[in-house]
Amino acid sequence: MSYLSFEARLAEALAQLAPVELPVDERPALALGRPPRKEMGDLAAPAFEFAKRAKRNPAELAKEWEARVRAALVHETPEWLEVTIRDVKAFGPYLNLFFDPGSLAALVLGDVVAEGATYGQVAPGSGPKIMVEYSAPNTNKPLHLGHVRNNLIGMSLSNLLAAAGNEVIRVNLVNDRGIHICKSMLAYQRFGNGETPESTGEKGDHFVGRYYILFDQLVKEEKATYAQKQGVDLAQFSKDAKKGLEGDALKAREREEEAFDAQFEEASELMGAVREMLRAWEAGDEAVLALWKQMNEWVLSGFRQTYERMGSKFDYWYFESNTWTLGKDLVEKGLETGVFERHDDGSVWAKLESKGLADKVVLRSDGTSVYITQDLGTAVLKHRDYGMDRSIYVVGSEQQQHFKNLFAMLELLEFPWAGGCYHASYGMVTLPHGMGRLKSREGTKVDADDLLDTLHDLALAKIEEGGYAESTDAARETAETIGQGALKMYVLQVSPDKNIQFDPNETISFTGDTGPAVQYSHARIQGILRKGLEQGKVTADQLEGGFLGHGLVDASLLVEAEEQEVLKKLADFGTMIRTSAENLTVAPVANYLLDLTKLYARMYHEHEVLTASSPELMRARVQLALAVAQVVRNGLGILTIDAPERM
RNA sequence: GCCCCCGUAGCUCAGCUGGAUAGAGCAGCGGAUUUCUAAUCCGCUGGUCGCAGGUUCGAGUCCUGCCGGGGGCGCCA
């Protein structure tokens with residue numbers, strides 16, 4: 001029996017013993033938990049539910065419950081009770097159990113050793129099939145800080161769901177067409193002079209991004225010239241100029257600006273050329289398509305490098321260039337069933353009033369489709385391709401309304417799977433006011449590659465300063481592991497709906513509640529094992545699957561309070577995985593690892609492993625340390641963080 | 001104006017779906033260790049959980065209103 005099933009069995013037995021007059025199958029399920037302080041025992045059963053049924057004071061009921069449990073589980077230990085109960089005691093409205101430390105240690109350690117890399121997981125494929133869509137980059141510029149958070153949430157959420165037994169499909173939906181893509185294409189067509197990422201030695205996405213920025217600059221210049229000709233002062237539209245305005249004056253100024261922008265868009269030679277290019281693309285113009293293909297390949301090769309570096313993986317890539325015409329047939333269907341309605345000007349609207357939402361355009365008056373129409377089509381396509389039970393969209397919180405509209409439409413169109421769609425929203429990543437040295441090529445956003453480089457460099461400096469490096473290569477590899485560990489833990493430990501203010505120079509530190517602290521614990525355990533082998537206290541032939549072999553370890557010797565705290569934490573890993581997956585959040589995984597390694601640090605500081613008072617105790621502690629390392633690897637794996645052998 | 005999210009220690013954040021005396025890290029102060037890697041450990045200081053009501057035996061957690069911050073209210077994506 002595993003600890004988890006032991007606890008479930010125990011919960012059942014305790015419920016049966018509760019002093020209420022209820023048939024056994026009508027008794028409420030017990031939610032066992034850990035008492036707030038260890039002096040109060042190892043496991044707590046709340047008496048509230050039973051007290052409510054019995055219409056009694058919970059503390060009194062707990063007192064009576066205590067007596068019955070004492071008679072049945074303490075004095076007469078049934079054979080299924082793998083962890084012996086030493087004592088049971090009512091603390092107010094709680095019934096708390098005190099375990100025999102030795103048998104608890106044996107059960108928990110046995111679980112970790114037996115299950116190893118799968119400890120804490122639910123059997124793969126036993127749950128529903130879930131698709132997770134994340135990343136969703138545009139092919140006109142490199143990935144930035146926002147994409148980093150998106151990828152980290154997407155990757156780790158996928159891993160978490162897989163660990164909880166679900167079949168997970170990871171997909172990317174690449175926005176590779178549209179007016180914004182044509183902008184970088186046009187700039188390259190006019191000013192590229194045939195240069196390539198190979199000829200300039202640039203990463204493909206940065207190469208293309210440079211032309212996107214160039215286009216932006218050219219338009220700005222054109223706009224300034226145009227404004228001058230028209231006798232319009234652009235300065236009046238600046239933030240500073242608007243600061244002095246209030247109410248109607250401000251509104252009037254903003255209307256003026258809008259009108260001028262619209263006028264310029266029409267008159268602009270560059271904008272005209274871009275619109276023309278988009279028309280040519282849609283008409284299948286060969287030269288334009290060839291240029292588009294070439295530039296997309298450059299960008300995508302750059303993305304692949306960044307994904308590879310971060311550990312981002314996808315089972316399938318959807319491209320909007322293939323899906324952008326989808327959805328129109330759904331509109332036809334919706335018109336028939338009255339979900340959609342055609343207005344006099346020819347535009348088609350989704351009637352969302354019944355869902356408490358405002359009506360939404362799905363076809364423009366010229367018959368072309370909008371973003372949500374495509375998304376409708378893509379949703380259907382995904383279900384046709386994979387037939388999943390749930391579909392999770394990892395997309396920023398600014399698109400909350402969009403997904404409410406989308407899911408409402410899918411429901412009104414009566415797709416049976418519509419209820420399984422979920423928007424995994426997350427808050428913005430903002431930069432502090434001054435913005436440090438991590439200015440991006442665009443000047444406003446932090447570039448993902450720059451960010452990874454900066455963290456790598458910070459970690460490398462620390463390694464060199466501490467003299468931890470054995471070779472330059474090893475130092476670089478460790479620096480990469482640590483830099484990413486710091487970033488990933490920092491981003492993932494906060495709940496997704498919070499905005500993050502990200503100061504690359506100050507907020508990522510390597511001490512305290514950080515990724516490197518968790519990694520350090522792992523590295524030190526490996527260090528203990530290495531030292532043990534060196535000193536002959538542990539021999540290679542004693543190791544099986546990374547643990548000391550069966551029969552060499554008497555776990556029941558692990559009775560120190562600090563050891564017990566670690567063991568209980570290890571025991572909770574599986575429950576934590578399950579509830580986190582149910583709640584679709586990885587933050588508890590990150591926080592669990594920080595807690596576990598803190599408890600472990602306290603333990604090994606207090607109780608020496610290799611110099612323990614007896615060889616038996618020494619081996620038991622080695623096994624416990626190895627178990628901690630295993631769970632740290634399992635948890636970090638979910639977060640896509642590497643666990644280094646040394647650092 | 002309407003809708004959504006956030007507000008917990010000086011700072012950055014946890015808080016197990018409503019339970020026991022609200023916890024970490026950083027910063028500050030004071031200690032430990034001739035190390036199993038000091039990227040460590042221990043102690044102290046620090047809280048009207050934005051404010052006001054309400055529901056409940058019990059509220060940081062649920063409801064209502066207000067205040068402050070962010071986002072959204074396109075025939076953009």
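So you know, we letter chains A, B, ... as the sequences are listed, proteins then strands, and number each from 1.
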Review point. Base, sugar-phosphate, or nothing for A:Ala358, non-hydrogen atoms under 4.0 angstrom?
Key: nothing

**Study point:** Pairwise C1' distance for B:U8 and B:A22, with rounding to whole Å
**Key:** 8 Å

Review point. What nucleic acid atoms does A:Arg524 come within less than 4.0 Å of, heavy atoms only: base, sugar-phosphate, or nothing?
Key: base

Check your understanding: Between A:Arg34 and B:C16, is there a side-chain N or O to OP1/OP2 distance below 4.0 Å?
Key -> no

Practice item. Confirm from the modelled atom types if A:Ser397 and B:C5 form a donor-acceptor pair under 3.5 Å, side chain to base only. Key: no

Output a table of donor-acceptor pairs, distance under 3.5 Å, between side-chain atoms of residues 583-596 of chain A and any protein atom two or more places apart or on a different chain; print 'none' if there are none.
from, atom 1, to, atom 2, distance (Å)
A:Asn583, ND2, A:Thr579, O, 3.2
A:Thr585, OG1, A:Ala587, N, 3.3
A:Asn591, ND2, A:Gln493, O, 3.3
A:Asn591, ND2, A:Ala587, O, 3.0
A:Tyr592, OH, A:Lys569, O, 2.6

Practice item. Measure the distance from CG on A:Asp595 to C1' on B:A14 and round it to the nearest whole Å. Key: 8 Å

Check your understanding: Rounding to a whole Å, what distance do you find between A:Phe48:CZ and B:A59:P?
Key -> 12 Å

Review point. Who passes salt bridge (charged side-chain N to carboxylate O under 4.0 Å, His left out) against A:Arg578, sequence neighbours left out?
Key: none

Practice item. Could you work out the separation of B:U37 and B:C13 based on their P atoms and round it to a whole Å? Key: 35 Å

Under 3.5 Å, which protein N or O atoms sit close to an N or O of nucleotides 67-70 of chain B? Give each pair with its distance.
from, atom 1, to, atom 2, distance (Å)
B:G70, O2', A:Asn499, ND2, 3.0

Point to revise | Minimum-distance nucleotide to A:Lys531 side chain [options: B:A14, B:U37, B:A77] | key: B:U37

Practice item. Report the relative orientation of the aromatic rings in A:Phe98 and A:Phe91; use parallel for angles under 30°, tilted for 30 to 60°, perpendicular for over 60°. Key: tilted

Revision key, fill the gap. Against the side chain of A:Tyr520, the closest entry in B:U8, B:U40, B:U17 is B:U40

Review point. For B:C36, does OP1 or OP2 lie under 4.0 Å from any side-chain N or O of A:Arg530?
Key: no

Review point. Do A:Tyr468 and A:Arg646 meet the criterion of a side-chain donor-acceptor pair at a distance under 3.5 Å?
Key: no

Practice item. Starting at atom CZ of A:Arg342, determine the distance to atom P of B:C75, rounded to an integer number of angstrom. Key: 17 Å

**Study point:** Qualifying residues under salt bridge (charged side-chain N to carboxylate O under 4.0 Å, His left out), relative to A:Arg279, sequence neighbours excluded
**Key:** A:Glu276

Check your understanding: Quick one: which of B:C42, B:C75, B:A39 gets closest to the side chain of A:Val370?
Key -> B:C75

**Study point:** Quiz item: A:Arg37 side-chain donor-acceptor pair to B:U21 base, under 3.5 Å
**Key:** yes

Check your understanding: At what distance, to the nearest 0.5 angstrom, does CE of A:Met647 lie from CD1 of A:Ile463?
Key -> 7.5 Å

Practice item. For A:Asp572, answer base if it contacts any base atom (sugar-phosphate contacts may also be present), sugar-phosphate if it contacts only those atoms, and nothing otherwise; contact means non-hydrogen atoms under 4.0 Å. Key: nothing

Check your understanding: B:U61 and B:G50: how far apart are their C1' atoms, nearest whole angstrom?
Key -> 16 Å

Point to revise | C1' atoms of B:U17 and B:G30, separation to the nearest Å | key: 41 Å

Review point. Among the nucleotides B:A20, B:A39, B:C42, which one has an atom lying closest to any side-chain atom of A:Pro36?
Key: B:A20

Review point. Starting at the 5' end of RNA chain B and moving along, which residue's nearest nucleotide shows up first, A:Met40 or A:Arg364?
Key: A:Met40

Exercise for review: Identify which nucleotide among B:C3, B:C57, B:A20 has an atom closest to any side-chain atom of A:Lys52, counting heavy atoms from C-beta outward.
Suggested key: B:C57

Point to revise | A:Ser495 side chain near B:A14 phosphate (N/O to OP1/OP2, under 4.0 Å) | key: yes

Review point. Base, sugar-phosphate, or nothing for A:Ile482, non-hydrogen atoms under 4.0 angstrom?
Key: base

**Study point:** Whichever of A:Thr597 and A:Arg177 has its nearest RNA chain B nucleotide further upstream toward 5'
**Key:** A:Thr597

Exercise for review: For A:Ala358, check side-chain contact (heavy atoms from CB on, under 4.5 Å) against everything at least two apart and list the hits.
Suggested key: none

Check your understanding: Can you tell me how far C1' in B:U55 sits from the matching atom in B:G18, rounded to whole Å?
Key -> 11 Å

Review point. If you look at every strand shown and take non-hydrogen atoms under 4.0 Å, does A:Pro35 touch a base, only sugar-phosphate, or nothing?
Key: base

Review point. In whole Å, what separates the P atom of B:C51 from that of B:G47?
Key: 14 Å

Practice item. Please name all residues satisfying salt bridge (charged side-chain N to carboxylate O under 4.0 Å, His left out) with A:Arg149, sequence neighbours left out, ordered by chain then number. Key: none

Review point. Hey, does the side-chain of A:Asn96 have a donor or acceptor N/O within less than 3.5 Å of a partner on the base of B:A20?
Key: yes

Study note, to complete from the structure: The complete set of salt bridge (Lys or Arg N to Asp or Glu O under 4.0 Å) pairs with one or both residues in residues 357-375 of chain A, sequence neighbours excluded, reads A:Lys351-A:Asp359

Exercise for review: State the syn/anti category of B:U8 according to its glycosidic angle, syn meaning within 90° of 0.
Suggested key: anti

**Study point:** Over-ring placement of A:Lys52 relative to A:Phe48, 6.0 Å and 45° cut-offs
**Key:** no

Check your understanding: Is a side-chain donor-acceptor pair under 3.5 Å present for A:Asp497 with A:Tyr426?
Key -> no

Practice item. Give every residue pair that meets the ring-ring contact (aromatic ring centres under 6.0 Å, His included) criterion with at least one member in residues 509-532 of chain A, sequence neighbours excluded. Key: none

Point to revise | All salt bridge (charged side-chain N to carboxylate O under 4.0 Å, His left out) counterparts of A:Lys498, not counting sequence neighbours | key: none

Check your understanding: In residues 604-615 of chain A, which ones come under 4.0 Å of RNA chain B, going by heavy atoms?
Key -> A:Tyr604, A:His605, A:His607, A:Glu608, A:Val609, A:Leu610

**Study point:** P-based separation of B:G72 from B:C26 [nearest Å]
**Key:** 36 Å

Review point. Taking the chi torsion of B:C36, is it syn (within 90° of 0) or anti (everything else)?
Key: syn

Check your understanding: Which of the following nucleotides, B:C75, B:A77, B:G25, is nearest to the side chain of A:Asp513?
Key -> B:G25

Check your understanding: Looking at B:A20, B:A77, B:A39, which one has an atom nearest to any side-chain atom of A:Thr511?
Key -> B:A39

Review point. Are A:Tyr393 and A:Phe403 near enough that their ring centres are under 6.0 Å apart?
Key: yes

Review point. From the list B:C76, B:A20, B:U40, which nucleotide is the closest neighbour of the side chain of A:Ala601?
Key: B:U40

Review point. Given pairs defined as Watson-Crick or G-U wobble with both distances under 3.5 Å, what dot-bracket annotation applies to RNA chain B, with ( ) intrastrand, [ ] crossing, | other strand and . unpaired?
Key: (((((((..((((.....[...)))).(((((.......))))).....(((((..]....))))))))))))....

Check your understanding: Given B:C3, B:C75, B:A39, which nucleotide is nearest the side-chain atoms of A:Lys404?
Key -> B:C3

**Study point:** Separation between the C1' atoms of B:G60 and B:U48, rounded to whole Å
**Key:** 13 Å

Check your understanding: Given B:G7, is OP1 or OP2 found less than 4.0 Å from the side-chain N or O atoms of A:Lys498?
Key -> yes

Check your understanding: Listed by chain and number, what are the ring-ring contact (aromatic ring centres under 6.0 Å, His included) partners of A:Phe50, not counting sequence neighbours?
Key -> A:Trp65

Revision key, fill the gap. Among B:A77, B:C41, B:C4, the one nearest any side-chain atom of A:His402 is B:A77

